[in-house]
Structure formats: C-alpha cells, structure tokens
Protein chains: 2
Amino acid sequence: MSKVQKLPTIRRLPTYLHKLNEMRKSGIEIVATPELARYMHLEAIVVRKDLASTGVTGQPGVGYKVAELIDAIRAFLSWDNTSEAVLVGAGSLGSAILGYEGFEEYGLRIIAAFDTDPAKIGRTIHDREVFPVSRLAELTRRMRIHMGIICVPAEYAQKVADELVEGGVWGIWNFANVSLKVPDNVVVQREVIAGGLAVLSVKLTALRRELNSESE
Amino acid sequence: MSKVQKLPTIRRLPTYLHKLNEMRKSGIEIVATPELARYMHLEAIVVRKDLASTGVTGQPGVGYKVAELIDAIRAFLSWDNTSEAVLVGAGSLGSAILGYEGFEEYGLRIIAAFDTDPAKIGRTIHDREVFPVSRLAELTRRMRIHMGIICVPAEYAQKVADELVEGGVWGIWNFANVSLKVPDNVVVQREVIAGGLAVLSVKLTALRRELNSESE
DNA sequence: CGGCTATGGATATTTTTTTATCAATACTGC
DNA sequence: GCAGTATTGATAAAAAAATATCCATAGCCG
Ligand SMILES: NC(=O)c1ccc[n+]([C@@H]2O[C@H](COP(=O)([O-])OP(=O)(O)OC[C@H]3O[C@@H](n4cnc5c(N)ncnc54)[C@H](O)[C@@H]3O)[C@@H](O)[C@H]2O)c1
Ligand SMILES: NC(=O)c1ccc[n+]([C@@H]2O[C@H](COP(=O)([O-])OP(=O)(O)OC[C@H]3O[C@@H](n4cnc5c(N)ncnc54)[C@H](O)[C@@H]3O)[C@@H](O)[C@H]2O)c1
C-alpha cells in the first residue's frame, strides 16, 4: 500500500505554483520565503520546508529562482507531463470543470466528456465532445486515458467508477458525495467541497466566541 | 487569534453526516464504527475519535444512535441553524454552487447572487435573483448576511472581498485562486480544488513506482 | 574592507494527529 | 445464566507536521 507523506505540503503546492507562475509572467526572477509566506498567510518556516520537500535549494541571503521553483514543484507533482483525463457527468459542476482553463497549468487535459442525457450527447461543451456513457469503458481504453473525473449524481458514481476501471483508468477524481470501491491498483481522490465549509463554520464560531468573551 | 484544532477531523465530518443522513432515511437507527470505517476507508479508531470529538457517546458493545450522531455533528459544526449567504460571480462555478441542493443539508442557504454581467443581472439562476455587484455591500448589510461566497475570476476577488467586508460579512468562502487580505475579525476559507488533484497525482506516481518495482 | 541585515539550510523541539492497547459493557447463541 | 464476541472509551505510544534555534552565506552601505 503506497503511503504518501507530507499531504498538507502537497495540498499547498498548487497555490505556490500559481503565484510563482504569475510572478514569472510579470518578470520576477527571484523570490524569498518571507514574501511567499505573507502571500500564503503562513509562517516563513513552513514555506521553506514545503519548498525544500520538492528538492529545490535556494541561495542563502538571496532567495529562490522563480523558474527553478516552478520546475521543481511541477516535477514533484508529476505535472511536467500533461496527463489526459475524461470527465463523466457534464452537468453544472462538470461543465464548470470542463470550462476551467486553470487545469492546464496543473498538467491536466480533459479530452472528452460522457453523459447519459440525450440532450447533451453529441454536442460539445467548452470544445469537448460529449459521448454517451455507454461508450465510456471502450473509448477510455482506446484513447489510453488513465484518469477519470466523476461529476455524476452520487447514486450513479459507483457504476461510473466501475466502468472507468474497466476502461483501464489508474486514478479517479471523485466529486460525488460517496465513497467508491475500486481495486487496489486504482487511486481515488474524493473532493469533499463541504469540508471547506465545515472548517469555515467552525472557525467562524470560534472567532465569534472569542470576540464575545473579549467584549465582556 | 482563534486557533481551531482537529482540522482533519472537521473536514471529515460532512462525509459522516451525509452517510448518516442516508442511513436515517432508510430507517437505520444504530450504527457501529467498523461499518462507518469501511465506508469511509478509514481505520475504525479514527472514526471513533472523530465522533468523540463532537461530544457524542456511544454504547459499548452496541454502537451509536444515528439520530444522536447527526445532531452532535451538526451542533459541533454550527450547522444546526441555517446560515444565509450571498454568492458573487454567477459564472459556471457559481451557477453550479447555486444549483447544488446539498448545501441545505449543511446549514447553508444562498439567498442571492451578484454579478457584473448585464446579461445575468435581473435574471434568476436556480431561483436566486442576480443583482448588480454595485449593490453588494448595501444589500448584504441590509439583509444581515454574514457569509459571502466568491466565484469571480482571481483578479476581481480582492475587490469583491473588500465589499463583502464592507457589507458586514464575517466569513468568506473563496473559490478564486488568490489569497485575500481581510481584517482580523473576518475569516476566509479558501477552497483550492487543485489541491486534491495534486494529492491524486502524487499518489498515482507513488503507486506506479511501487507496481513497477514489484514487477522487476 | 567591515559591519549590518536578510536569507536558506540543518538540526532540534513542540504540537498535533494517528494508531495501538486494554478494560468495561452489552448483545448472541446455547 | 454463561461463554464468546463485538463494541466503546480511556489511556498510552508512535508518527507526522508545525515551529524554533542557530549557523553559514550573500548582498548592501558606508
Ligand atoms: N454543484 C456543486 O456545486 C457540487 C458541489 C459538490 C459536489 N457536487 C457533486 O457533483 C455531482 C454533480 O453535481 P451537479 O450539480 O453537476 O449535478 P447535475 O445534475 O447538474 O449534473 C449531473 C450530470 O450527470 C449526468 N448523469 C447522470 N447519470 C449519469 C450516468 N450514469 N453517467 C453519466 N452521466 C450521468 C446528468 O445527465 C447530468 O448532466 C453530484 O454528485 C454532486 O453531489 C456538486
Ligand atoms: N470552474 C472551475 O472548475 C473552477 C475550479 C476552481 C476554481 N475556480 C475559480 O472560480 C472562479 C470562477 O470560475 P468560473 O469558471 O465560474 O468563471 P466564469 O468566467 O464562468 O465566471 C465568472 C463570473 O464572475 C462574473 N464577474 C466578473 N467580475 C466580477 C465582479 N467584479 N463582480 C462580480 N462578478 C464578476 C462574471 O460575469 C462571470 O459570471 C475563478 O476565480 C476560478 O479560478 C473555478
């Protein structure tokens, strides 16, 4: 069982990457931790550790080369080679994801979409053709796609996952609100958007409690 | 500075909650940790700790009462009183969020949307009226809304955040790819969807390395 | 050149989170 | 009712992540 370390660091890396890409675009070549830390609302030491874990090394007294950082992060995340994916469920969330150009920056290219809705099949959404889900396994295998993105209602997610696995997929990014059963050699990452809302709620409650007790 | 503990637990709670709600709907009254653990792909001990942190207590040898668990989780997350929010940026992601009924389960009700696009202003999206963003601060204050959801392109996010703060908001759920500057008495939760993709990428690479080395 | 400041990197410490162990409780089947 | 099993909850240990300290290096400025 592959046990991946430093999950919190990995989750932060895309944010560094995005900021660094912006910096590079505006001609900045060197960046020091305190600046990144301010931007990220983190302690400088956290940033340094995060960057170190990708293998880059900076210049004491100076900082890091932006271009090197970008390369190191992308290499660490295996985002230096674009990987192709299919998206299943071209509903509202699925369409939003299809239309998000940001993923190209993250080495993800969504090649095609699949749906059951006859009104969608055969049309294109954000330039990607929508195929009937009945052809999911077949086309996924034929196109040698190794990642699937699930945006169907929860009750159909398992069936879709099974077909993705049958199609030879190695990784599944699951936005549906269910836990999927897949073979050991397939990785599932479930995106629980409500998790962020939960954190926000708790922080809000804590802050309000604090402010109330202060004012007493 | 409010320092909230047990963030990983908090992120997992919505998933328990959803499953428990499903169980209640199908008439199940008692649940034991091993079952939840199987569903969540976690160790039973993690589940027990998570549940314990909400304050519920189970019956040794039996399990937990589903209804009690639901109440405890909702209370812990302050989701027992529905809170109202406004959404800014009724684009593709914004519309998806507006249309997602799942948030009601999590105590969130989106009251209105705001946008700059004249084509959207005045129309309704998923039954919510779209107002011009020029009225954001005013209406937020007048409706006594305390949460804002930002779904605008990154470059406008800070301006929107400023107006939300001016409108008296306490919490901001930020889907844009920037770090926001807000006063100390406002909480921002940034949702970095690419974070999940990063984790998936790293796990995939690790798994493939493992499989390769095994086959040698 | 020489002191001053900013910075990264190595190492150590602390805190948080995950995992393990075990006694106590309740149900099951006989 | 009693033995066996499943389960919780308390306590302890281990692992992971965040934080602190200190030293070496680099640039700056007079
Ligand atoms: N919208 C959100 O903000 C949001 C947030 C978090 C999670 N989610 C989850 O994302 C998923 C999709 O949500 P949505 O709002 O886009 O719903 P949606 O109803 O807009 O879209 C679902 C799409 O899936 C298609 N579909 C249904 N069954 C299918 C099947 N068997 N195979 C292929 N396609 C199928 C439908 O035709 C539709 O186009 C849900 O599981 C939801 O819980 C959505
Ligand atoms: N679509 C995704 O899958 C996805 C994923 C992750 C993050 N995001 C982020 O979410 C945000 C929105 O993405 P999207 O795909 O919905 O983009 P989009 O272009 O579809 O929607 C943006 C909406 O914001 C409106 N808008 C622009 N400026 C505004 C302003 N100043 N005030 C109010 N409204 C304004 C636009 O009119 C448009 O309706 C972006 O910041 C994006 O990075 C999107």
Side-chain angles (χ1 to χ4, degrees), chain A residues 1-13 15-16 20 23 28-73 76 192 195 198-199 202-203 206, chain B residues 1-13 15-16 20 23 28-69 72-73 76 192 195 198-199 202-203 206:
Chain A
M1 283 283 120
S2 54
K3 191 94 179 195
V4 175
Q5 228 84 331
K6 294 193 263 198
L7 265 302
T9 291
I10 294 170
R11 287 192 163 277
R12 284 189 292 262
L13 290 178
T15 308
Y16 294 112
L20 291 166
M23 287 178 157
I28 298 169
E29 291 180 359
I30 303 281
V31 65
T33 2
E35 188 186 347
L36 282 175
R38 243 188 330 274
Y39 175 75
M40 302 275 292
H41 299 134
L42 293 171
E43 296 298 315
I45 180 80
V46 178
V47 176
R48 220 170 295 140
K49 285 249 161 181
D50 284 349
L51 301 184
S53 70
T54 68
V56 273
T57 98
Q59 194 61 252
V62 184
Y64 299 84
K65 291 191 184 160
V66 172
E68 275 182 14
L69 271 184
I70 291 174
D71 289 347
I73 294 176
F76 184 79
V192 184
V199 173
V202 171
K203 283 186 181 167
Chain B
M1 282 287 120
S2 55
K3 192 93 180 194
V4 174
Q5 228 83 334
K6 291 191 265 202
L7 266 304
T9 292
I10 294 170
R11 288 193 163 275
R12 284 189 292 262
L13 289 178
T15 307
Y16 294 113
L20 290 166
M23 287 178 156
I28 299 169
E29 290 180 2
I30 302 281
V31 65
T33 6
E35 188 186 347
L36 283 175
R38 240 186 334 272
Y39 174 75
M40 302 275 292
H41 299 134
L42 293 171
E43 296 299 312
I45 180 79
V46 177
V47 176
R48 221 169 295 138
K49 286 251 161 182
D50 284 348
L51 301 184
S53 70
T54 69
V56 273
T57 97
Q59 193 62 250
V62 184
Y64 299 83
K65 290 189 185 163
V66 172
E68 275 183 15
L69 270 185
I73 294 176
F76 184 78
V192 184
V199 174
V202 171
K203 282 186 182 167

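The chains referred to below are lettered A, B, ... by the order of the sequence lines, with proteins before strands, and numbering in each begins at 1.
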Any chance you could measure A:L36, atom CG, to A:Y16, atom OH, to the nearest 0.5 Å? 7.0 Å
Rounded to the Å, how far apart are A:L42 CG and D:dT19 C1'? 12 Å
May I ask you to list the residues of residues 53-66 of chain A, by number, that have any heavy atom positioned under 4.0 Å from an atom of DNA chain D? A:Q59, A:P60, A:G61, A:V62
Rounded distance (nearest 0.5 Å) linking atom CG of A:L69 with atom CG of A:D50: 11.5 Å
Atom-pair distance (CG on B:D50; C1' on C:dT19), nearest Å: 13 Å
Residues in side chain to side chain contact (heavy atoms under 4.5 Å, CB included) contact with B:T57, at least two apart in sequence or another chain: none
B:R48: what forms a salt bridge (charged side-chain N to carboxylate O under 4.0 Å, His left out) with it, not counting sequence neighbours? none
Who pairs with A:R11 by salt bridge (charged side-chain N to carboxylate O under 4.0 Å, His left out), at least two apart in sequence or on another chain? none
Side chain to side chain contact (heavy atoms under 4.5 Å, CB included) filter on B:E29, not counting sequence neighbours, yields none
Qualifying salt bridge (Lys or Arg N to Asp or Glu O under 4.0 Å) pairs with a residue from residues 33-44 of chain B, counting only residues at least two apart or across chains: none
Measure CG/A:L51 against P/D:dA18 and give the value in whole Å, please. 13 Å
Euclidean distance, B:I30 CD1 relative to B:K65 NZ, rounded to 0.5 Å: 6.5 Å
Does A:A72 have any side chain to side chain contact (heavy atoms under 4.5 Å, CB included) partners at least two apart in sequence or in another chain, and if so, which? A:T54, A:V56
For atom CD1 of A:I10 and atom P of D:dA18, their distance in whole Å: 12 Å
Would you please name every residue forming a side chain to side chain donor-acceptor pair (under 3.5 Å) with A:Y39, sequence neighbours left out? none
At a heavy-atom distance below 4.0 Å, what parts of residues 28-36 of chain B sit against DNA chain C? none
Residues which pass side chain to side chain contact (heavy atoms under 4.5 Å, CB included) with A:V202, listed by chain and number, not counting sequence neighbours: B:V4, B:I10, B:L77
Rounded off to whole Å, could you give me the CD-to-C1' distance for the A:E43 and C:dT16 pair? 16 Å
Please list, for nucleotides 10-16 of chain D, all pairs of protein and nucleotide N/O atoms separated by less than 3.5 Å.
residue: D:dA16; atom: OP1; partner: A:Q5; partner atom: NE2; Å: 3.2
residue: D:dA16; atom: OP2; partner: A:Q5; partner atom: NE2; Å: 3.4

